[in-house]
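What follows is one structure encoded as structure tokens, with my remarks underneath.
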There are 2 protein chains.
Amino acid sequence: MTTITGDQALVKRINTSLILDTIRRHAPISRASVSELTGLNKATVSNLVQELLNNHLVQESGPGASSGGRKPRLLLFNGQAGYAIGLELRVQQMTAVLTDLAGRIVAEDECPLEQHDTDSVTAGMVAIVRRLMQLAPQSPHGIVGIGAGVPGMVDGSGTVLFAPNLGWEMVPLSQLLEEELGLPVTIDNEANAGAQGELRFGAGRDASHLLYISAGSGIGSGIIINGELYKGARGYAGESGHMTIESEGRSCSCGNRGCWELYASEKSYDNEEFALPSKRTSELISYARQGHEGTIRHFYKLGHYLGVGITNLVNGFNPQSVIIGGPLSDARAWLEDTMQQVVAQRTLPYHRERMEIRFAELGSRSTVIGAAYSAISQFLGPVRVSMPMN
Amino acid sequence: MTTITGDQALVKRINTSLILDTIRRHAPISRASVSELTGLNKATVSNLVQELLNNHLVQESGPGASSGGRKPRLLLFNGQAGYAIGLELRVQQMTAVLTDLAGRIVAEDECPLEQHDTDSVTAGMVAIVRRLMQLAPQSPHGIVGIGAGVPGMVDGSGTVLFAPNLGWEMVPLSQLLEEELGLPVTIDNEANAGAQGELRFGAGRDASHLLYISAGSGIGSGIIINGELYKGARGYAGESGHMTIESEGRSCSCGNRGCWELYASEKSYDNEEFALPSKRTSELISYARQGHEGTIRHFYKLGHYLGVGITNLVNGFNPQSVIIGGPLSDARAWLEDTMQQVVAQRTLPYHRERMEIRFAELGSRSTVIGAAYSAISQFLGPVRVSMPMN
DNA sequence: ACAACTTTGTTTAACCAATAGACAAAGTTG
DNA sequence: CAACTTTGTCTATTGGTTAAACAAAGTTGT
């Protein structure tokens, strides 16, 4: 049993993490302000800030303006103290970014993915990571870790339990990569990573409860509760795509009927009575731009069904914001109106009032950035203390 | 800003809470075993146990069997060190229990509810609480608090945001009761309290991720994540009853269409082409027992729709167990088979494999016991420390 | 220009909880 | 009955936070 017990080291970790977080959020900030904001004693803040300065995680940026007394010595989070790599595994492509500890993208890379056997994929991942590592500037902590987002269910140990689109089952991905790279690796579901990305760096920065919808070849969702990603009992709880919205609808490959993603993802392209001019989202968007009626009508319909599913999730989760990402978010122009209408018509008033639906700010990069953030977060080692009300 | 900072008091609270929890779960247990189980030093355990003994929250029960050395001095959690009261507010009735700190019911009471204005209801609640307080045995801590479960949305401060069946909006219930009673009051949604009850004392004792469905005049759900109740952004996230299962289904009073509870709660009684012989669940159960075909067919259908909605929640939440409670659970005999069939046919294999669906063990008492537990838990003051993976 | 006040950050001594290890207490076993 | 075991307490130490004093570096009013 590895319960967390209380001792002084824990106290120090909690407080250091609290201070670092405060500096990250309010920089530039003085020690005195940190002390006020956190409630910690000035001496404690001074001591722990000194350690953070020694670690190069924090820097002094010179004196600030006086407010009637001694000038403050302002502190900054040093995003360049280390770097992380974020990966996204899609069915036909692999993308990766090198970011600093503040999540700023320093370099990007991608490569096509043709074979899906474990060996080729991990070899490809290792190669792309090595290429990006070369590009990392010198820094005190170097590459602090790798994060990857994959289209499937993942458990807490970094094993991909099930990824139907890759044909994977029980692949110990983080172990494979760690052995090869000698760095800490975190694995997340693609939608969960996207949710993290938008939460920290994108459209969800001010929310602590948000729902991220990744619409592409299927539909995934990432759920942020209280500023943290929620993962289900067995490591994955976002299979919203297989939520029934028509109880006697079409059969789905998952065994259920009337699944949401049959109507509101790229899977709907196979579902049309009137044949569409293409089955690729990017091409359909071109057709829509040229005014192709069938395509536009299909997007409207898709927007409608997106709204139906979002309504369900909103009524169940009561998020502050819903963020729509993934490839289909590029068709925003034709999806948004019908979707917003459906949601406005159908959500409970109490949910609707203070909730808003937005599109991903990071575009196609939500997932890679979120994955990198996972690695960064693991390195910075946040500890949270809570007193549940129940 | 009231962030939790680390100091020695926190450390002590964490460890005391950890020790008390260990004793509650493993009693009778020696100090040495507590030390081993928690990882805390023997001296620490001895000291904190001494304080718990002084508080009367723990008792020594005499020597245990030796395993080759000095006999251990066994410790017990003293459930009789104090008492709590749990309340459930239904539309036509109010029920309450007096429990000890271990959640054992000492006394029960109920009274009909005719008027729903705030004053009458709070007066009734105060009266029933006072009656039960009289029945509480003498104890070191006396009545440590009151917990109440209400059919509506509740925020963290104990305000009922919205309770359509009572016609309530923004009622500061916990404040009203605290002023009158001079005791700490916690307010929960009825389904959330039921989930707590079953988690701690009922069918969910071994699960840390569970979904509780309360089927009655509507459908509510309580979600336990990682052993803790999940509440949404504005204090309530279990409006599953208003999840669409037929995107073009009947209109619901909530504004949406095809809501689950139109098909799988007592609301479905108004929904039949063939008139049912009654609109009360208890009477319909009698008819079903006597073999009334229309009623039985209706229950089968209701079981089917229960299964449809449960499938959605299971695919979204991935719980270890689903527990069905509320008045409709009394019709288990006619609901269970069709419901189980639908779920088995429709859930994702990965979710289905290790998940089971059960009926509430505490029967109609899930909610009152859960509400009492809230009050107890508040009093015992658990603190949780977590290191999220992201 | 200068005394009085403010604000920032550090130093000091005290406090307190956990801990390792010694020790005392109370067993069992050959 | 001596040697060993297990349980629980005692003691000195460690290492963190803290309040309060203090030092440093400003501003402001006359």
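As the structure is a computational prediction, the values presented were derived from the model and not from experiment. Scope of the values below: all heavy atoms of this structure, side chains included, with no hydrogens, waters or symmetry mates. Chain A is the first sequence line, chain B the second, and so forth, proteins listed ahead of strands; every chain is numbered from 1.
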For D:dG26, which nucleotide is its Watson-Crick or G-U wobble mate, given both distances must be under 3.5 Å? C:dC5

Using heavy atoms to find the nearest nucleotide of DNA chain D for A:Thr16 and A:Gly69 separately, return the residue whose nucleotide is more 5′. A:Thr16

With both distances under 3.5 Å as the test, what is the Watson-Crick or G-U wobble partner of D:dT9? C:dA22

Selection from C:dC16, C:dT19, C:dT11 that lies nearest to any side-chain heavy atom of B:Gln8: C:dC16

Taking donor-acceptor contacts at under 3.5 Å, does the side chain of B:Lys42 reach the base of D:dG8? yes

A:Arg73 side-chain N/O to C:dT10 phosphate OP1/OP2 under 4.0 Å: yes

State whether a side-chain donor-acceptor pair under 3.5 Å links B:Asn55 with B:Glu51. no

If you go through the side-chain atoms of B:Arg70, does one of them form a donor-acceptor pair with the base of D:dT7 closer than 3.5 Å? yes

Side chain of B:Ser46 - closest among D:dT9, D:dT17, D:dT7: D:dT9

What I want to check is whether an N or O donor and acceptor connect the side chain of A:Lys12 with the base of D:dG16 at under 3.5 Å. no

In whole angstroms, the gap separating C1' of D:dA23 from CZ of A:Arg31 amounts to 15 Å

Check: C:dA20 base within 3.5 Å donor-acceptor of B:Asn41 side chain: yes

Check the distance between C:dA17's C1' and B:Arg13's CZ and give it to me in whole angstrom. 14 Å

Mate of C:dG30 where both pairing distances stay under 3.5 Å, Watson-Crick or G-U: D:dC1

Could you check which of D:dG8, C:dT19, C:dT8 has an atom nearest any side-chain atom of B:Ser30? D:dG8

Could you tell me whether B:Ala32 contacts a base, only the sugar-phosphate backbone, or nothing, with contacts defined as non-hydrogen atoms closer than 4.0 Å? sugar-phosphate

Counting only side-chain N and O atoms of B:Thr44, is one of them less than 4.0 Å from OP1 or OP2 of C:dT19? yes

